[in-house]
Each structure stands twice: as structure tokens, then as C-alpha cells.
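Structure record follows, encoded as C-alpha cells.
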Amino acid sequence: MSSRPRARPAHAPGPTYLAYTPDGRQLITVGLNNVIRVFTTGSDAEPVNIDVQQDAHTAVAAANSFFVAGSEDGSVCKYSLSSNALDEVLVRSTLPVRDVALSPDGQWVAVATDELVVKVINTEDMTRVMYLREQSRPVKHVSFDHSGSMLAVSCSDGIVYIYSLSSEEPQLVKRLDGLIKMVETDSQSNAKVIWHPDGRALAAPTPTKSVQVVSRNDWANQKYFSSGQKGDFTAVAWSPNGALLATAGDDLNITLWDTQTQQAVVRSTSDREPVSALAWHPTDNLLSYTTYDGELYMHAGFVPNEHQPLLERVLARAPMLNEPLSEVSGNVRRPMMNGEKPAERRRAGTPDSLDDILGPDAMSEGGDPFIEDDDGAGYVEDINVNGKRPGADLQAPLVKRSYSSHKWQPRIHHSFQPGSTPWRGNRRYLCLNLTGFIWTVDQETHHTITVEFYDRAAHRDFHFTDPFLYDKACLGEHGAAFSCPPSSEHGSLIYFRPHETWTARTDWRTTLPRGEEVTSLSLSSSCIVVTISKGYVRVYTLYGVPFRVYRQKSGPAVACASWRDYVLTIGNGPIGGDGSTKLLYTIENVKRDEVCQSEDMLPLPEGAELQSVFWSDKGDPCIYDSEGILLICLHWRTPGQAKWVPLLDSSQLDRLATGRKEESYWPVAVAMDKFHCIILKGGEKYPYFPRPLLSDFDFKIPISSHVDMEDDDEENEVEKLEENFVLNSLLLDLQDDLVSHTNSTQAQKVELSQRELEVNKVLLQLLAAECREGEERGMKALEIVTLMKDHSGRMLEAAGKIATRFGRDTLNEKIALLAERRLVGLVDEEEELYDPVSRNLVVDR
């Protein structure tokens, strides 16, 4: 270890904190005076001073382009490292800030204050906030893991709370009670959780003056570092590769530990005052620390030369119990056997050596091992000093000794409520559709719910106080349905409020059996459908009569949607090649108790997730996935014949062709032959307040990459016509299914005729385009004619006129022959007689 570095006065005497930027170029310090200092690594020049209003900073965290600092006045400020000036105040609290932590990507900052709630704020949009509310006492420390998906919260009550931040709604994963000491938030004792760089474990100072390692897999205690010191820890930090651990205590000691042996390799002392913060340089052999005297030490060469290879490793393993011996993992130097070097060993009981098989360097120190227990499954056996497995027959095969605690788990699709958004601040949308929207506000002790309609002439908006904390809702033409999770005071509730009634009683509420919780909720014009955590599907009439209860075949349930008497349920199914479950859907008529489609697979591409499911205004199931593809289900009323057809690829919209816009789309509905959605700008994932406007886009089935070209040549025109033909054919098939399988109205039958006419019009336009190209395109032109749906012969007559207009006599003859054959076919198949001259229907048998 090099000689002690000189102290660099940084701030006024008192607690001082520091943070390196991830690239290691700059070091930021904060303290009690109203200045922030930015030091350049490797330079003895004076630091850059940033004058600020706050005079008592308590925490700092840095990214490459900015840093955030918290202070006792409750503010957390973001500063730019390019301008060395204040960017914005991210959040203000009424009580002092105790710690801040930045996620590895710099997108989120976690803030610990003397308030009970921990806030996780987006650094680019401070209105995006996640709230962690499980703590009963103020929080002293927060720390992200190296993936940014987990946050450890060290509470002053001695409990560590582990949260998952993989979604917009944080989930409490684990409470670790007794791991850390109960300390006051303003105490100089450290209780911060530090995540090991390999991601498998975390560590924290314990009440017994040791640093305990805890497995992330099962939250069990692993190895520990016993300091033997009398005082508490004031700072702890892993080296960037996790091979070394630095600790500092209020007894002025600074200790460097070997992670694999848990032995101290360096001991040093600080001057006069204890260390308040430690920070490793990301790449160099440099450990910096600040003291309670306001001074900064940048200790180059802190790791001695004999231990410096530990710091040069790419990544060391966390110190876990029952780890495979490093004898074969290349982590430590192998002992000599009978004066031989490791590369000279030979396998006992066999004539060949590993050198003969792998080469002289294969088993040498620093080389790749022959067998590496990289999955921790216990395939590698202990080797004694004679090169044998203790207690094993030399000729016995190498057997698996134990199983790993790291068990593979499939990735399931979690349940969601279509049309709802996560909490953002203290409010969220419970429902967004073409009827209106429902949103709720968290008032701490209760919620307030507002229901608003687009057509206020049909329904009046209403507002009510929600003591049950409803978290799911649906809005329809006849009423609004709500559900809430169970609590200590009541079970899971279902609540329905009709818009109109001719009786005094206007609403109803029912409680689910104990242990059940609603996972998704849907509302149609005739029923309310809920999927339950126990796998049940419960169906109620609109006014509260339990109609059906059955268990869903696929599970856990993901979502449900309903239209009239039809119910679409989606659940997790078999595991795909990517390790995630495939989604299965079932469509049934609950009134007639008939299954239309049973446990068919939902066609999601690998890596995509289901974002929403709903029914169109004409009663066809639709889904929207995370890749921006809108699909509709065709022939779903016929068992075994359903197929999902793309209606729109939102990533191929014309408005995105220039690449200047960065936006995504929140699905709302499919109605009036359009896709209705909310446009989300930038990196937004969910709509927020004030209520965004609805946008609509025409359907555009992806056919060719040339359709969206700006040039308007003839080839592009043909491709557009071909796209229109496929789209109109799909809409015709959907309308034909509706008319064929329902008691259709006269208006629906008229629409079917219009759809057929639209298909024929597009085909006639395609025929004209082909005729313009010349006689060599005659084969395709005739093929287009055969696609026409012509019951009267008028379309073929029109096709013949187009061929005549362009002088395509041969094509005209072929069309006339096709008309005669089709006329004969009509007589045979439909038993209809046509006048051969006028081709008008004269007899209908």
C-alpha cells in the first residue's frame, strides 16, 4: 500500500459525502457548507465549485452527465456536469433527506427521508414517481442492485425492505429483520445494504460488528466478515469487481478484506475523525473517502501490489456457503502436490494426463479449468492432497453431489386489467375506453373516484369517496363495475353501479369467499365477469345474481374481456422456447354455455407481451401487443377455425417514417373501422393527467414495405390497391361471420352487401392497373377477375368492358368464357336460372 495521501479540505467540519461518476473521470463531494465540489480524477488542480443555496448536504449520487444531491432542507436537486449548474429540483420533502441512490441507467433516483415513504423519482420527468410505503419508521439508506430492478431500503427500525421495481407498481419482495442495527437516521453509524457486483447476494453491517452476506436467491445468511472492532461501521463498499470489501468504523480503522477468504489484507487508520463515506474508482486502484472533519482523501494504490491481481479480475463471486471449491474454478492458487506444479498432475488411476488431452496450459494457473462448476450444481468434487476424491473409489464415475439452490423458474405473464394504468404520483386511471374514463386519487386514508363520460347528454358524470380502495374498474353503457383486494377488515369486493334504474336501489356489492382476490374484471351489456386468484371464473348478471362459477383450464389467469354474452379469458399455458409461458385463450357464450374456442394459443411473437385485450364495437376479439401490433380474431364463432389477423402495425405508421418522432400508442378501442388510441410521446408508457385526447388511425394491414413510400408511381399505386383488397376482404369476412351466426338486422345485411361491393371495386381498380401495363400482365389480370364475388354477373361484365377499353381482346375473351362457366356453376350450386342475354335472375326456385 502506498503512503497515506494528503488530506484535501473539501467542506466545513462535519459529515461529508462523495460519489464517483460511472466513468471515473470526476468525483463529487458535498458537505455542510453551501458549495459542491467537483474534482477531476488524476489532477491536482483546484476542483470546480458549484455555489448552492443549501448549506447542509446529506447525500450525493452521480451519473456521467449529472449528479443529484440531497440536503437537510428536504430538497433533492439535479446538477449538470457539463454546465456545473443546477438543472432542476426533483423533489421537496418536509423533513431532511438522509440518502439518495441512482439506478445504474441513471433514469431513477431513490430518496430516503425522515418521512415514512420512500420516493423513487424519474430523473428526466420528475412527475413520474413511485412510492414505497411498507416502512413503519423513517429510512436511513437506499441502494439499487446492479440491474436497477431491486431496491434495498434500510429502515431505522432495524429492518431491511427489499422492493422489486420491475413494474410501475413496486412490489415488496422481502423483509430482512435483524440484519442491521436499529439506528437513528442522523446517526453516524452505517446500516447501508451493498449489493455484490455479481448480483447473487447483498451485504450489510450487523449489530454484532460484522458484515453479513445474504443470498438473493433465498435470503439466507451466507459468509460474513468479522471485524472484531469495538465501534460501529461508518461506511462499507465493495470493489467494482466484488473481489475486495472496504469497511470503515468509528474507531478510525479502515480495513480491506479479501472476499473469498474473508480475511483482512490491509488495515489503515484515518486522522482524528471517522470516515463518513467510501468510494472505489471504477477502474483504477484508487479508494477515496471523506471524513467527519470535512476532508477528502484520494488514496491511490490503496490495494498492495501482492493483492492487486484481485482487483484486476473481471468479476469475483460473492462469498457464499457451500460454494464449489475454487480448486477448479481458477479463483485461487492451487497447492503443490509432491513437489509438482499444478500443470504436472496426473489423474489417479488412469495412464493419461490432462496435459495429454488439453495441452500443457489447460490446467496451469490462470488457464481455463477442465471442469468448472459454473452453475453451482455440485458436479465438482473435493480433491485431497493426493489428487483423490476423499472416500471415493478411484474407478467410480464422477457423480453429482448436491443440487443447486438456484432453481430455474419459467417466466409467466402476470395478470393485468385492460385499460388501467399504474400509480403515478397519487393518481391513476382505472379504466379508459370510448364510453368514458374512471380515475382515482389516493387520499392516504381513502381514495376518491371520478367517472366521466364523453357523451354527457347520455350520462352524467359522478364522483364518490372510496373507503374500500378499488383497484380495478370497467365502464359500459349500462353501468360501472369495480373490485378491490381483500384487507384485514373485509374480503375482496365486487361493486356495480348502474347508470339508470327504475327502482330505489341503484347499486349492489358482493364479497368473495375468503382467500380469493380478483385478478381481472370485465363488463358487458349483460354480465360481469371476474377471474379469481384461485383459478375461478365467476359470472354475475348486471344486477348481482351469481350466474356461473367454473375453474379456468389455463392459469394463472392473465386477463378477461366480454361482449354481450361472450366471454374471452386468457391464462398462462405451456412453456415456450424462450422460457416464458405461452398464453392460451378461451371464448364462450356463458348464457348458452357453449364454447367457441377452447384453450387456443394466443399468437404472440417471442419476447412480446400482451398489452391489452378488448372487443370491437361489432363484437370481434382484439389484442394489442408490446410490439405495437393490433390483431383481430376471425372466424372465432366456429370451433377450431379462429385465426388472428393483423389490422395495424403501429410501428409502420406514416407519421413515424421520418424517424423524427418518438412515440408509442396506448390502445383504447376498435370502432367504426378505426383504431382508437392515446399517443404517448417520448419514452412514456402510460397516459397521465391531464386527460389526453383520443386519436384514431385507419386500419393498415402490413403487406409491402413499399406502400409507405412518398413517391406516387404506378407500382406504389398497385401495392396500395392490393393492401386495400386484403383489408376489405377481412372486413367482409368479419361482417359475413356476424350475419351468418346471429339474428342479424337489415342494416347489418345491407352493410354486408356494401362490403362485398367495396371488394369488387378494388379488384376492378387492380384490373385496370394491370391492363395499363400491357398484354404481358394478362395472366395476373385474369386471376384478379376470378377473385371477384359476383352473384349477378355484373362485375364480370364490368371487367370485360375494362379489358375492351384498353384493347385487351384476348383477356376479354377469357373473361367472357369465365362468365359462361360461372353461370353454369351458379345454376348447379345455387339452383338459380339466369337469362343468358341480360344475365338477370328470372327464376328463384
Side-chain angles (χ1 to χ4, degrees), residues 164 167 169 171 407-420 468 470-474 481-487 490-496 509-524 526-541 544-563 565-576 579-602 604 609-615 621 623 633 636 639 642:
S164 171
S167 63
E169 298 184 31
Q171 301 293 326
K407 297 180 180 178
W408 177 83
Q409 294 289 340
R411 296 189 300 273
I412 67 171
H413 293 257
H414 296 287
S415 61
F416 68 95
Q417 179 63 30
S420 68
F468 299 104
Y470 295 119
D471 63 341
K472 295 176 179 64
C474 294
F482 303 85
S483 71
C484 69
S487 69
H490 58 79
S492 188
L493 296 176
I494 299 172
Y495 171 60
F496 179 73
R509 184 179 290 110
T510 185
T511 304
L512 295 179
R514 182 178 302 175
E516 294 188 4
E517 182 175 352
V518 176
T519 58
S520 63
L521 174 75
S522 68
L523 172 67
S524 72
S526 61
C527 62
I528 299 172
V529 181
V530 293
T531 59
I532 307 299
S533 56
K534 286 191 173 182
Y536 295 127
V537 177
R538 295 184 178 273
V539 182
Y540 300 85
T541 65
V545 178
F547 189 70
R548 294 196 185 278
V549 180
Y550 59 93
R551 175 160 283 177
Q552 189 174 344
K553 294 180 182 178
S554 57
V558 175
C560 66
S562 53
W563 178 76
D565 298 334
Y566 292 96
V567 175
L568 167 65
T569 56
I570 300 174
N572 287 275
I575 301 171
S580 61
T581 56
K582 299 295 184 181
L583 295 184
L584 302 180
Y585 72 96
T586 296
I587 303 176
E588 57 190 306
N589 187 307
V590 292
K591 286 290 180 69
R592 295 199 302 262
D593 198 20
E594 294 177 356
V595 176
C596 301
Q597 305 296 324
S598 179
E599 299 300 303
D600 197 4
M601 189 169 292
L602 210 60
L604 293 177
E609 294 183 357
L610 181 65
Q611 187 169 335
S612 187
V613 54
F614 48 87
W615 292 74
I623 61 173
C633 195
W636 59 269

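The model shown is predicted, which means the values in this text are computed figures rather than measured ones. Counting begins at 1 with the first residue of the sequence.
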Worksheet item: Counting only heavy atoms not in R514, do more than 12 fall under 6.0 Å of its CZ?
Response: no

Worksheet item: What distance do C484 atom SG and H490 atom NE2 have between them, rounded to the nearest 0.5 Å?
Response: 4.5 Å

Worksheet entry | With H414 via side chain to side chain contact (heavy atoms under 4.5 Å, CB included) - residues at least two apart | I412

Worksheet item: In terms of ring plane angle, is the pair Y566 and W563 parallel, tilted or perpendicular, where the classes change at 30° and 60°?
Response: parallel

Worksheet item: Is F547 atom CZ crowded by more than 12 heavy atoms from other residues, nucleotides or ligands, each under 6.0 Å away?
Response: yes

Worksheet item: Rounded to the nearest 0.5 Å, how far does OG1 of T531 lie from CD of Q417?
Response: 8.0 Å

Worksheet item: Would T586 and T569 count as having a side-chain donor-acceptor pair, cut-off 3.5 Å?
Response: no

Fill in: Straight-line distance of L568 CG to C633 SG, nearest 0.5 Å
8.0 Å

Discussion item. Between R548 (side chain only) and V537 (backbone N and O only), is there a donor and an acceptor less than 3.5 Å apart?
Written reply: no

Worksheet item: Counting distance only, does the side-chain N/O of S164 pair as donor-acceptor with the main-chain N or O of Q171 below 3.5 Å?
Response: no

Worksheet item: How far does CG of D565 sit from CG of D593, to the nearest 0.5 angstrom?
Response: 12.0 Å

Worksheet item: Does H413 use its side chain to pair, donor to acceptor, with the backbone of T581 at less than 3.5 Å?
Response: yes

Discussion item. Is it the case that the side chains of S554 and E599 hold a donor-acceptor pair, with the cut-off being a distance below 3.5 Å and no angle test?
Written reply: yes

Item to complete: Just jot down the side chain to side chain contact (heavy atoms under 4.5 Å, CB included) partners of S522, sequence neighbours excluded, or say none.
Response: V529, C560, S562

Response to the item:
CD1 (I587) and CG (D600) are apart, to the nearest 0.5 Å, by 8.5 Å

Worksheet, complete the sentence: One should read off an interatomic distance between F416 CZ and E609 CD, to the nearest 0.5 angstrom, of 9.5 Å

Worksheet item: Within the distance-only criterion (no hydrogens, no angle test), does the side chain of E517 pair as donor or acceptor with the backbone N or O of P486 below 3.5 angstrom?
Response: no

Worksheet item: Do side-chain atoms of Q597 reach the backbone of W636 as a donor and acceptor pair under 3.5 angstrom?
Response: yes

